[in-house]
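To start, the structure itself, in structure tokens.
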Amino acid sequence: MSRTVLIVDDAMFMRTMIADILKGADFEVVGEASSGVEAVQKYRELKPDLVTMDIVMPDMGGIDAVREIIKEDPDARILMCSAMGQQGLVVEAIQAGARDFVVKPFQPSRVLEAVQRLLG
Amino acid sequence: MSQQEKYAELFAAEAREHLAEMSRALVVLESEPGDRDSLDAIFRSVHTIKGMAAAMGYEVAARLAHAIESVLDELRQDRRQVDSEVIDLLLDGTDQLEEVVVATVEGEKLPDPAVTIERLVLWRLAADQADDAEDSDADSEPAETTATSRSKAGAIGPVPAGRGRPGLGGRADSRVRVDIRRLDALMNLIGELAIVRGRLRALAAETGLNPLQEAVERAGGLISEMQSEVIESRMVPVWQVFDRFPRLVRDAARKLDKEVEFEMSGKNLELDRALLDAISDPLVHLLRNAVDHGLETAAQRAKAGKPAAGRIELAARREKSRVIIEVSDDGRGIDRDAVLKQARAQGLIDGDGTTSDQELFRIMARPGFSTVENVTELSGRGVGLNVVEDAIRGLGGSVELQTEKGVGTTFRMEMPVTLAILRALLVEIGGQVYAIPATFTRESIELDGTAVARAHGREWIRWREDRVPLLRLGRLFDAERGSEVDSDDLLHVVALEFGSSFLAVSVDRFLGEEEIVVKPFAMPLGAVPVFSGATVRPNGLAALVIDVGSLARWPEEPDARIPLAS
């Protein structure tokens with residue numbers, strides 16, 4: 001059975017790219033969100049196996065969204081997708097409960113590796 | 001389509017949107033430096049572009065976006081304040097980023113953003129060294145926005161040639177440039193339609209068929225909607241003209257070795273394109289005057305206990321269907337006594353007595369007054385105010401002056417949002433309805449016929465303290481019908497002010513004020529030009545708009561007749 005993913009990023013471009021990487025590895029993208037607020041709602045609704053989370057977004061950033069999701073589901077598996085130069089924020093996200101992070105631009109192999117480890 | 005192509009297209013579309021958002025928010029941030037939401041929005045957009053560009057392997061775009069983002073981060077962390085210098089830098093950066101993005105997507109030769117990146121980096125480095133220096137710099141050079149208008153116009157204004165490339169799918173592509181004459185033509189056609197609507201309505205009423213009447217009403221509603229759409233489409237934000245003013249004020253201040261703090265507000269207000277073009281020169285004039293004559297030198301200001309940098313403000317705002325534009329300074333104010341003395345010396349006024357600010361303006365706006373050289377020094381003002389006044393009046397607007405010695409001066413211009421709509425006093429003359437632009441009307445009064453005096457071959461009435469020439473419009477427009485009202489009955493008189501002259505006109509009846517849509521009016525050859533256009537009334541009938549300017553020049557030939565247009 002393929003595992004389910006919720007992709008959170010305010011750029012459709014990024015969501016498409018991540019979706020393509022994960023679909024190639026037998027994931028089912030069950031939802032996409034473009035803001036932190038939406039991410040929290042969709043998570044509640046879809047209970048996906050995995051969330052990929054952007055950091056900088058309108059209407060609640062990624063870190064606050066991680067906090068909200070972890071508050072409701074401490075077992076949530078969230079992979080932060082950060083851009084270069086956000087090390088400080090990544091640390092904060094991990095403290096908030098994210099499990100791992102990848103840095104944009106993504107290398108598909110690196111993304112898949114992180115995902116496998118996270119779900120393994 | 002390959003995956004790479006799919007990404008490239010998505011990138012192009014989203015990057016475009018974010019660039020437009022950045023420009024929009026930067027403009028807001030410039031007028032409201034404390035606006036956190038705008039700052040965050042700009043940051044998010046450039047951050048998103050950076051991430052996407054990096055993912056696409058668009059290294060140059062990513063690097064530039066990163067440099068912009070770093071500057072924004074300083075601002076977001078409150079390590080540096082938003083000022084015109086950094087706004088300028090960010091607008092330049094955004095502009096350059098757009099060029100890089102476009103070139104990347106189109107596969108063209110990339111512009112080299114090295115210089116821009118360097119400036120962005122240098123700005124950040126300057127942070128530690130120059131906290132104090134920066135404050136004073138910002139004060140003395142408020143107009144440091146060299147490339148502002150170019151970058152903004154390029155980013156969200158009408159698309160400059162070569163910018164709005166097809167295939168980019170962004171917002172800019174959904175705009176077209178339209179010759180304003182086309183919109184005028186459209187406006188005229190709608191006016192004609194409104195006339196037909198009036199006739200249709202009457203005919204439908206005669207048939208007594210309900211469905212027909214309903215259809216006609218519906219069509220009428222649609223015509224009104226079309227009208228407002230066309231008026232809206234003529235609107236452009238005032239920053240398209242305002243954006244060059246910081247530079248202008250700065251240059252003027254430099255030349256005179258004065259320190260000026262210049263602030264603009266309401267830059268996003270929208271105005272009729274033709275109107276905006278028409279007020280551009282008067283504003284330049286008032287701003288230069290404010291720097292030159294309004295503000296004192298730094299030494300004089302120090303002596304008066306004022307901050308060294310003078311303050312000039314340009315504010316635009318909308319009040320209902322009117323636009324208010326104010327140019328104010330905190331300078332020396334106008335020396336009332338000096339102006340009056342000068343005016344008396346020139347024989348422009350006689351007698352003593354006090355003057356209101358508005359009367360002072362009247363005097364200073366007289367063409368004769370402006371030519372005197374030394375007046376500017378005495379009055380702190382005075383060059384070419386008549387030019388300003390004429391221009392604003394010509395637009396159906398008015399100019400007001402408020403001044404206080406030692407405190408400052410404000411010129412307040414009020415005008416309609418669009419040239420196509422006008423506030424007018426509607427009057428009836430010889431059974432016909434006419435419109436008089438309200439800008440010129442001062443008072444509607446009822447007078448006993450015996451109050452009319454004859455002198456110098458024409459009629460006069462007393463209005464307020466003055467003797468004012470009376471023009472009987474009934475007689476002017478139509479001799480026979482005019483003679484009927486030429487009796488000692490009650491007269492309905494409208495007092496008009498045009499430039500510095502007053503004129504009274506008699507009409508048969510006042511119908512009240514209304515907003516009217518003016519259609520330009522093709523005057524038959526050889527006709528006397530006392531009408532500036534026509535308007536269609538809500539009942540579908542046309543009314544002529546009286547050109548007060550030509551009436552004011554009329555009086556020399558009291559016996560002239562103008563055939564009624566009907």
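All chains are named by letter (A, B, ...) in the order of the sequence lines, taking the proteins before the strands, and each is independently numbered beginning at 1. When reading the values below, keep in mind they use all heavy atoms of this one structure, side chains included, and skip hydrogens, waters and symmetry mates.
Within a 6.0 Å radius of CZ in A/F101, other residues, nucleotides and ligands contribute 12 heavy atoms or fewer.
Between A/D54 atom CG and B/R44 atom CZ the span is 11.0 Å, to the nearest 0.5 Å. Within the model, atoms CE of B/M52 and CG of A/D9 stand 9.0 Å from one another, a figure rounded to the nearest 0.5 Å. For the atom pair CD of B/E14 and CE of A/M14, the computed distance is 9.5 Å after rounding to the nearest 0.5 Å.
The two atoms that bring B/Y7 and A/M17 nearest to each other are OH-CA, 3.5 Å, heavy atoms only.
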